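Lettering of chains follows the sequences in order, A, B, ..., and the numbering in each one begins at 1. Not measured: the values here are computed from a predicted model. Computed from heavy atoms alone, side chains included, the values below leave out hydrogens, waters and symmetry copies.
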Number of protein chains: 2
Amino acid sequence: MSKYDLSQDLKRITSTTMADIVELRLREYLKKKSFKPGDPLPKELELAEALGVSRNVVREALSRLRMLGMIESKKKRGMILARPDILGAFERVLDPLIIDKDTLQDIFELRLVLEIGLADLLYIRKTDKDIEELEHIAKNEVRTESSFRIKNEIAFHGKLYEISGNDTLKRFQNMLLPIFGYVVASEKEFRSGKVTHSDLVEILKKGNKEDFRQGMLEHLKPHFDKLEKTETTDTLTD
Amino acid sequence: MSKYDLSQDLKRITSTTMADIVELRLREYLKKKSFKPGDPLPKELELAEALGVSRNVVREALSRLRMLGMIESKKKRGMILARPDILGAFERVLDPLIIDKDTLQDIFELRLVLEIGLADLLYIRKTDKDIEELEHIAKNEVRTESSFRIKNEIAFHGKLYEISGNDTLKRFQNMLLPIFGYVVASEKEFRSGKVTHSDLVEILKKGNKEDFRQGMLEHLKPHFDKLEKTETTDTLTD
DNA sequence: TTTGTAAATATGTTCTACATAACTAATTAT
DNA sequence: ATAATTAGTTATGTAGAACATATTTACAAA
């Protein structure tokens with residue numbers, strides 16, 4: 001490491017293009033005018049003229065907003081403000097092959113945090129039908145070969161998120177799946193704690209929140225152990 | 001309602017534009033060729049020719065990737081694959097004024113889940129200095145007027161995320177702040193559980209993970225109670 | 001009232017042209 | 001010969017015009 005962390009102090013020169021500015025302006029405009037979903041936006045040419053740029057630039061900016069789901073546009077009717085899909089933007093960048101190692105680790109930790117913290121929602125919203133389905137998944141799992149275990153792992157934990165009744169959370173988890181798969185696949189062997197899925201279902205049926213959290217903690221323990229281990233041998237990466 | 005629910009059976013026609021396709025193709029291309037950060041990309045004209053579209057369309061797609069931080073481009077040197085900032089894309093859409101009510105609620109729940117699940121990371125990574133800082137924040141808070149309490153609330157919980165040692169998580173929380181603030185502001189009065197910030201620090205010093213989780217649960221209890229309450233009166237929104 | 005047709009219009013797409021910044025090479029000066 | 005200056009090349013950034021296409025609107029016909 002050099003004496004001064006230059007990349008920290010000197011913030012990178014970002015050649016701001018017109019498209020960047022227009023994107024920002026449009027976002028401000030939408031907010032300021034407090035557009036609601038369904039409201040029509042000005043036409044491209046009007047925007048271009050008002051902003052003093054070419055229609056091309058406006059289109060680049062609009063293309064970005066459209067990608068984020070903030071606007072929709074139809075051939076003649078013009079553009080309307082849509083209700084943006086928060087996670088939609090996220091999904092596009094979430095590719096384990098591109099994300100750097102540190103962030104990958106961060107996200108994996110995030111999963112552990114989520115699953116432990118999930119207990120409260122589960123106990124508020126679980127139904128008998130949910131328990132049945134969980135039981136079914138857990139039962140199925142015992143007699144399957146090891147190659148399918150990851151699939152079952154996903155099914156079980158996915159169902160938990162579903163029970164949480166939080167759509168955003170569920171989608172978030174679904175989005176992170178490829179990353180979890182990637183991290184797990186990079187481990188030598190499939191790790192599983194002493195508490196099995198069947199055990200967790202049993203707790204969900206008869207035990208309370210704290211029991212479940214304790215069980216989940218035990219179930220995920222190998223991962224946490226790995227964390228504590230890497231913690232001590234941690235060095236300055238990058 | 002008509003005899004048949006058309007909008008359910010006939011899935012909406014989504015007019016996929018060239019820019020959408022090109023964006024997808026480029027993403028596939030980057031993945032397939034396993035580009036690494038810093039690697040140069042083909043020129044715009046080459047891409048346009050290879051894909052059989054105009055340079056404009058390619059530019060729209062590139063503009064999107066550039067916004068997501070996946071690529072950087074300089075005047076002559078061409079474009080290079082950058083290490084994408086996962087959360088960068090997220091920040092742009094996260095505006096409490098645009099997000100619909102249900103999602104807002106989802107995100108607020110997400111916060112509760114995170115703070116409860118955080119305990120494990122905290123006990124792995126906390127240092128004496130961290131505790132000191134937390135103590136300082138908590139102590140400061142007692143003698144400030146109510147108008148500053150939200151600010152202190154943010155400072156304290158923010159510090160917790162910081163202690164987690166998970167940069168992504170920390171940034172995530174920082175990103176969600178305006179939303180939390182929005183939700184809290186919409187409540188009639190500022191709710192706080194029986195366990196104060198000072199209590200939490202005390203637990204962090206002397207207690208174990210489970211104690212802390214229990215304490216946090218109690219601290220956030222008003223929010224959870226509100227959840228359980230809205231749960232029973234929940235009707236079909238939308 | 002319903003159906004079919006024509007005009008109008010805003011987005012989608014292409015093409016051309018030029019500006020600009022940055023790299024390369026050639027030229028000049030010391 | 002080396003350094004400095006200059007000119008040329010190149011890829012992105014921006015502008016503008018033109019046409020294609022889908023969809024609304026209006027009007028006409030059955």
Side-chain angles (χ1 to χ4, degrees), chain A residues 10 12-27 29-30 33 35 37-82 84, chain B residues 2-3 6-7 10-26 29-30 33 35 37-82 84:
Chain A
L10 280 69
R12 195 185 203 89
I13 293 177
T14 50
S15 67
T16 314
T17 74
M18 283 296 161
D20 293 324
I21 300 173
V22 171
E23 184 207 333
L24 194 68
R25 287 284 165 76
L26 286 178
R27 190 173 272 117
Y29 173 73
L30 293 180
K33 287 279 187 173
F35 275 96
D39 287 355
L41 269 63
K43 319 181 213 319
E44 291 180 344
L45 272 174
E46 289 174 1
L47 290 173
E49 200 173 356
L51 291 163
V53 295
S54 78
R55 191 173 153 230
N56 263 341
V57 171
V58 173
R59 278 189 62 79
E60 277 195 28
L62 288 173
S63 185
R64 297 178 178 188
L65 300 185
R66 197 159 37 237
M67 176 190 62
L68 296 177
M70 291 181 66
I71 63 174
E72 285 175 10
S73 46
K74 283 177 186 166
K75 265 294 168 65
K76 146 115 196 223
R77 220 188 141 105
M79 294 168 298
I80 58 169
L81 185 69
Chain B
S2 63
K3 195 171 179 182
L6 284 175
S7 64
L10 279 69
K11 59 185 164 193
R12 194 187 204 85
I13 292 176
T14 51
S15 69
T16 316
T17 75
M18 285 294 159
D20 293 325
I21 300 174
V22 171
E23 184 205 335
L24 194 67
R25 287 284 165 76
L26 286 178
Y29 174 74
L30 294 179
K33 287 278 189 176
F35 275 96
D39 288 354
L41 269 62
K43 320 181 212 319
E44 290 179 345
L45 273 174
E46 290 174 359
L47 290 174
E49 200 173 355
L51 291 164
V53 294
S54 79
R55 193 176 150 228
N56 261 354
V57 171
V58 173
R59 277 188 62 80
E60 277 195 27
L62 289 173
S63 184
R64 297 179 177 188
L65 300 185
R66 195 160 37 239
M67 176 190 61
L68 296 176
M70 291 182 67
I71 63 174
E72 286 175 8
S73 46
K74 282 175 184 165
K75 265 295 167 67
K76 145 115 196 219
R77 223 187 140 106
M79 295 169 296
I80 58 170
L81 186 69

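- Atom pair Leu62(A):CG and dG12(C):P shows a separation of 9 Å (rounding to whole Å applied).
- Taking the nucleotide of DNA chain C with the nearest heavy atom to each of Val53(B) and Leu45(A), the more 5' of the two is matched to Leu45(A).
- Listed by chain and number, the residues in a salt bridge (Lys or Arg N to Asp or Glu O under 4.0 Å) with Glu49(A) amount to none (sequence neighbours excluded).
- In the set dT12(D), dT11(C), dG13(D), the nucleotide with an atom closest to the side chain of Lys43(B) is dT12(D).
- Whole-Å rounding puts the Glu72(A) CD to dA10(C) C1' distance at 16 Å.
- In terms of phosphate contacts, Ser73(B) brings a side-chain nitrogen or oxygen within less than 4.0 Å of OP1 or OP2 of dG13(D).
- Note: CE (Met18(A)) to C1' (dC18(C)) measures 15 Å, nearest angstrom.
- Put simply, the side chain of Asn56(A) and the base of dG16(D) share a donor and an acceptor less than 3.5 Å apart.
- Asp20(B) has its CG atom 16 Å from the P atom of dT11(C), to the nearest Å.
- At whole-Å resolution of the value, CG in Leu47(B) and P in dA11(D) are 12 Å apart.
- Among the nucleotides dA17(C), dG12(C), dT13(C), the one closest to any side-chain atom of Arg55(B) is dA17(C).
- One distance of note links CZ of Arg55(A) with CG of Asn56(B); it measures 9.5 Å at 0.5 Å rounding.
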TODO: Could you check Glu60(A) against Val53(A) for side chain to side chain contact (heavy atoms under 4.5 Å, CB included), going step by step and ending with a plain yes or no?
DONE: CA-CA 11 Å; Glu60(A) 277 195 28; Val53(A) 295; over 6 Å; no

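- The distance from the CD atom of Glu44(B) to the OG atom of Ser54(B) is 10.5 Å, given to the nearest 0.5 Å.
- Among the nucleotides dG12(C), dT14(D), dT14(C), the one closest to the side chain of Glu44(A) is dG12(C).
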Task: Derivation and outcome, side chain to side chain contact (heavy atoms under 4.5 Å, CB included), residues Met67(B) and Leu65(A) - done: CA-CA 10 Å; Met67(B) 176 190 61; Leu65(A) 300 185; 6.0 Å; no

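- What separates CZ of Arg66(B) from C1' of dT12(D) is a distance of 8 Å, to the nearest Å.
- Listed nucleotides: dT14(C), dA18(D), dG13(D). Nearest to the side chain of Arg59(B): dG13(D).
- For Ser54(A), taking side-chain heavy atoms from C-beta onward, the closest of the listed nucleotides dT14(C), dG12(C), dA15(D) is dA15(D).
- When rounded to the nearest whole Å, the span between CD of Glu60(A) and C1' of dG16(D) equals 15 Å.
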